[in-house]
Amino acid sequence: MYSHKRESKIERERIERLIKWHKGERAAPIKIDVELHKRCNLKCLPCSRQASDFDLNKESMKKEMPLEKWLEIINEAKELGILIWNIEGANEPMAVPELTMPVIKKVKENGMYGIITTNGTLWNEDLIKELVEVSCDRIHFSLDSSNGDVHDYLRGVPGSFNKTVENIRLLNKWKKKLNTESPMLNINIIITKKNYKELPEFVEFCHELLVDYIFVEPLMIFHENAKDLRLNEEERKELPNIISMAKNIADKYGIDNNFATDDKNLNEDFVKSEDKKEVLLNDSSGDENTLLMAPCFKCWNNMTIKYDGLCGHCGLINDGEYIQEKSLKEIWFGNDLESIREKMLKKELLDHCSNCVPSDITQRRRFRKELEISLGE
């Protein structure tokens with residue numbers, strides 16, 4: 001069983017930093033989400049990439065920051081006090097291993113908590129072994145079914161299921177060989193009408209793969225074709241019972257999950273809705289304009305850097321400042337982010353908030369509860 005001691009310590013520090021902001025003091029971000037590039041080898045049906053009207057792989061190669069710049073940013077992040085470095089998976093990090101692997105190695109040399117999200121198809125045994133040797137803390141493999149045909153259909157490329165599962169097994173092999181529990185093995189699954197019924201069987205499959213955590217997320221609608229994968233009213237009525245069965249199986253095997261914990265990503269309001277602004281505002285209902293009642297905490301806790309250097313507080317940003325022009329510290333404490341914090345205090349949501357990720361919302365609910373307890377409110 002994976003030990004969560006370090007994660008618990010980091011989450012406590014997150015609340016402490018939010019308390020500082022609440023009291024009018026300033027604090028460093030706890031986490032940085034990075035998009036090293038925008039390249040990917042799959043054609044996943046639900047992915048936001050499908051909404052693009054140009055070739056993201058080619059566009060990425062034109063604008064990607066070099067490895068040297070990312071290594072500088074890691075040093076800046078350490079100096080600023082960032083504790084978590086998260087390599088996002090809205091692309092495939094291992095499409096450019098010569099960039100990704102030195103970055104995760106440098107992150108660990110700087111003592112930060114390292115996370116990587118991957119579709120799992122482009123690894124090989126040497127890369128898996130290196131990942132385990134550098135003590136990456138967490139790896140998220142995206143797997144949309146225990147049925148290869150269903151997974152490959154949703155991923156848009158035949159053979160992707162077998163390759164991902166093969167690499168998960170290689171990860172377990174090297175963790176055992178090197179006698180380590182790191183990286184923690186997470187499986188991410190997006191719930192669609194193609195896979196929701198098999199969630200209990202999926203948990204059984206995850207047990208076979210020695211998975212530490214199963215992370216479920218409802219389908220997000222980024223383009224018209226994705227609407228065909230959305231659960232209809234009858235299917236949404238079935239979902240709670242299926243989730244309950246899946247959770248019972250996960251509990252039996254001791255697999256952590258977010259099926260029915262505080263982070264309930266499959267609640268009806270997430271599975272059904274397309275615009276998340278209403279959910280965010282409902283969560284922050286109240287007259288006081290304080291951090292505690294803000295609809296989003298990211299601008300006080302989080303930084304994001306895009307492949308071209310665009311930097312801000314959220315992975316959904318379309319504008320902001322560029323890391324090539326200012327330091328992380330200058331951006332974090334600068335006027336641009338301060339204006340966003342002021343808007344959040346006034347409950348003035350930004351355009352991209354419509355597409356807020358359910359897991360961000362449920363985590364925020366949990367953080368708000370913990371903040372209320374810490375403040376005695």
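Values reported hereafter were calculated over all heavy atoms of this structure, with side chains retained and with hydrogens, waters and symmetry mates removed.
How far OG of Ser142 is from CG of Leu42: 9.5 Å, rounded to the nearest 0.5 Å. Within the model, atoms CE of Met293 and CG of Leu371 stand 11.0 Å from one another, a figure rounded to the nearest 0.5 Å.
Atom CD of Glu278 is surrounded by 12 or fewer heavy atoms from other residues, nucleotides or ligands within 6.0 Å. By the 6.0 Å contact criterion, NZ on Lys20 is open, its count of non-hydrogen atoms from other residues, nucleotides or ligands being 12 or less. Within a 6.0 Å sphere centred on CG of Asp351, other residues, nucleotides and ligands contribute 12 heavy atoms or fewer. Crowding of Lys193 atom NZ: a count of heavy atoms from other residues, nucleotides or ligands under 6.0 Å exceeding 12. Counting heavy atoms of neighbouring residues, nucleotides and ligands inside a 6.0 Å radius, atom NZ of Lys108 exceeds 12 of them. Surrounding CD of Gln324 are more than 12 heavy atoms belonging to other residues, nucleotides or ligands, all under 6.0 Å away. Enclosure of atom CG in Asn282 by more than 12 non-hydrogen atoms of other residues, nucleotides or ligands within 6.0 angstrom is indicated. For CG of Asn318, the number of neighbouring non-hydrogen atoms (other residues, nucleotides, ligands) closer than 6.0 Å is 12 at most.
Seen from the ring of Trp174, Lys177 counts as a face-on cation partner, given the 6.0 Å and 45° thresholds. A cation-pi contact, defined as under 6.0 Å to the ring centre and within 45° of the axis, links Arg26 to Phe333. For the pair Arg169 and Trp123, the cation does not sit on the ring face, since its NZ or CZ is not both under 6.0 Å from the ring centre and inside 45° of the axis.
Checking Thr117 against Glu88 by side-chain atom types alone, no donor-acceptor pair falls below 3.5 Å. For the 3.5 Å distance criterion, the side chains of Asn302 and Asp33 qualify, holding a donor opposite an acceptor. A side-chain N or O of Arg138 and one of Tyr113 form a donor-acceptor pair less than 3.5 Å apart. A donor atom on one side chain and an acceptor atom on the other are not found under 3.5 Å apart for Asp144 and Asn195.
Under the 4.5 Å side-chain contact rule for hydrophobic residues, Ile139 and Phe205 share a cluster. Using a 4.5 Å cut-off between side-chain heavy atoms of Ile, Leu, Val, Met, Phe, Trp and Tyr, with links allowed through other members, Ile30 and Val357 fall into different hydrophobic clusters. Hydrophobic clustering (side-chain heavy atoms under 4.5 Å, transitive across Ile, Leu, Val, Met, Phe, Trp, Tyr) groups Met344 together with Phe367.
Nearest heavy atoms, Asn355 versus Leu316: O-CD1, 3.4 Å. Considering every non-hydrogen atom in both Leu229 and Lys194, the closest pair reads CD2-CG, 3.9 Å. When all heavy atoms are compared, the tightest approach of Val132 to Pro183 is CG2-CD, 4.0 Å. Residues Leu292 and Phe297 share a closest heavy-atom pair of O-CZ, 4.0 Å. The two residues Met94 and Leu127 make their nearest non-hydrogen contact at CE-CD1, 3.6 Å. Contact between Asp336 and Gly320 at its shortest, heavy atoms only, is OD2-CA, 3.9 Å.
A donor-acceptor pair under 3.5 Å links the side-chain atoms of Asn167 to the main chain of Lys163, judged by distance alone. Here the side chain of Ser182 pairs no donor or acceptor atom with the backbone of Met184 at under 3.5 angstrom. A side-chain donor-acceptor contact under 3.5 Å links Glu235 to the backbone of Asn232. Listed for the Trp332 side chain is no donor-acceptor partner under 3.5 Å among the backbone atoms of His313. With hydrogens and angles ignored, the 3.5 Å screen pairs no side-chain donor or acceptor of Arg155 with any backbone N or O of Lys43.
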Check: Can you list the steps and then say if Tyr307 with Val34 is a side chain to side chain contact (heavy atoms under 4.5 Å, CB included)?
Finding: CA-CA 8 Å; Tyr307 73 107; Val34 301; over 6 Å; no

Next item on the list: Please step through side chain to side chain contact (heavy atoms under 4.5 Å, CB included) for the pair Asp256 and Asn186, ending with a clear verdict.
Entry: CA-CA 9 Å; Asp256 287 340; Asn186 284 35; over 6 Å; no

Checklist line | Test salt bridge (charged side-chain N to carboxylate O under 4.0 Å, His left out) applied to Lys173 and Glu125, step by step | finding: CA-CA 10 Å; Lys173 168 187 169 181; Glu125 186 157 5; 2.6 Å; yes

Note to self: Run Asn119 and Thr164 through side-chain hydrogen bond (donor to acceptor under 3.5 Å, both in side chains) and show every step you take.
What the structure shows: CA-CA 7 Å; Asn119 65 42; Thr164 299; 5.2 Å; no

Next item on the list: Applying side chain to side chain contact (heavy atoms under 4.5 Å, CB included), run through Glu198 and Ser145 and close with a yes or a no.
Entry: CA-CA 8 Å; Glu198 67 154 291; Ser145 177; 2.3 Å; yes

Next item on the list: Decide side chain to side chain contact (heavy atoms under 4.5 Å, CB included) for Leu185 and Asn172; before the verdict, give the C-alpha distance in whole Å, the side-chain angles of both, and the deciding distance to 0.1 Å.
Entry: CA-CA 9 Å; Leu185 174 54; Asn172 288 326; 3.8 Å; yes

Next item on the list: Verify side-chain hydrogen bond (donor to acceptor under 3.5 Å, both in side chains) between Arg12 and Ser374, making sure each step is shown before the conclusion.
Entry: CA-CA 10 Å; Arg12 185 59 234 169; Ser374 296; 3.1 Å; yes

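You'll find the side chain of Ile32 stays beyond 4.5 Å of the side chain of Ile84, heavy atoms only.
Taking 4.0 Å as the cut-off between side-chain N and carboxylate O, Glu234 and Lys237 count as a salt-bridged pair. Ionic pairing of Glu133 and Lys129 is present here: one or more N-O contacts between side-chain nitrogen and carboxylate oxygen are shorter than 4.0 angstrom. In this structure, Glu79 does not pair ionically with Lys329, as no charged nitrogen and carboxylate oxygen lie closer than 4.0 Å. Look at Glu372 and Arg368 and you find no salt bridge, because none of the NZ, NE, NH1 or NH2 atoms lies under 4.0 Å from a carboxylate O. Between Asp360 and Arg365, no side-chain nitrogen of the basic residue sits less than 4.0 Å from a carboxylate oxygen of the acidic one, so the salt-bridge criterion is not met. Ion pairing between a basic and an acidic side chain is recognised when a charged N comes within 4.0 Å of a carboxylate O; Glu13 and Arg17 show such pairing.
Classified by interplanar angle (parallel below 30°, tilted 30° to 60°, perpendicular above 60°), the ring pair Trp70/Trp85 is perpendicular.
Tested against Glu64, the residues Arg39, Lys69, His37 include a single side-chain hydrogen bond (donor to acceptor under 3.5 Å, both in side chains) partner, Arg39.
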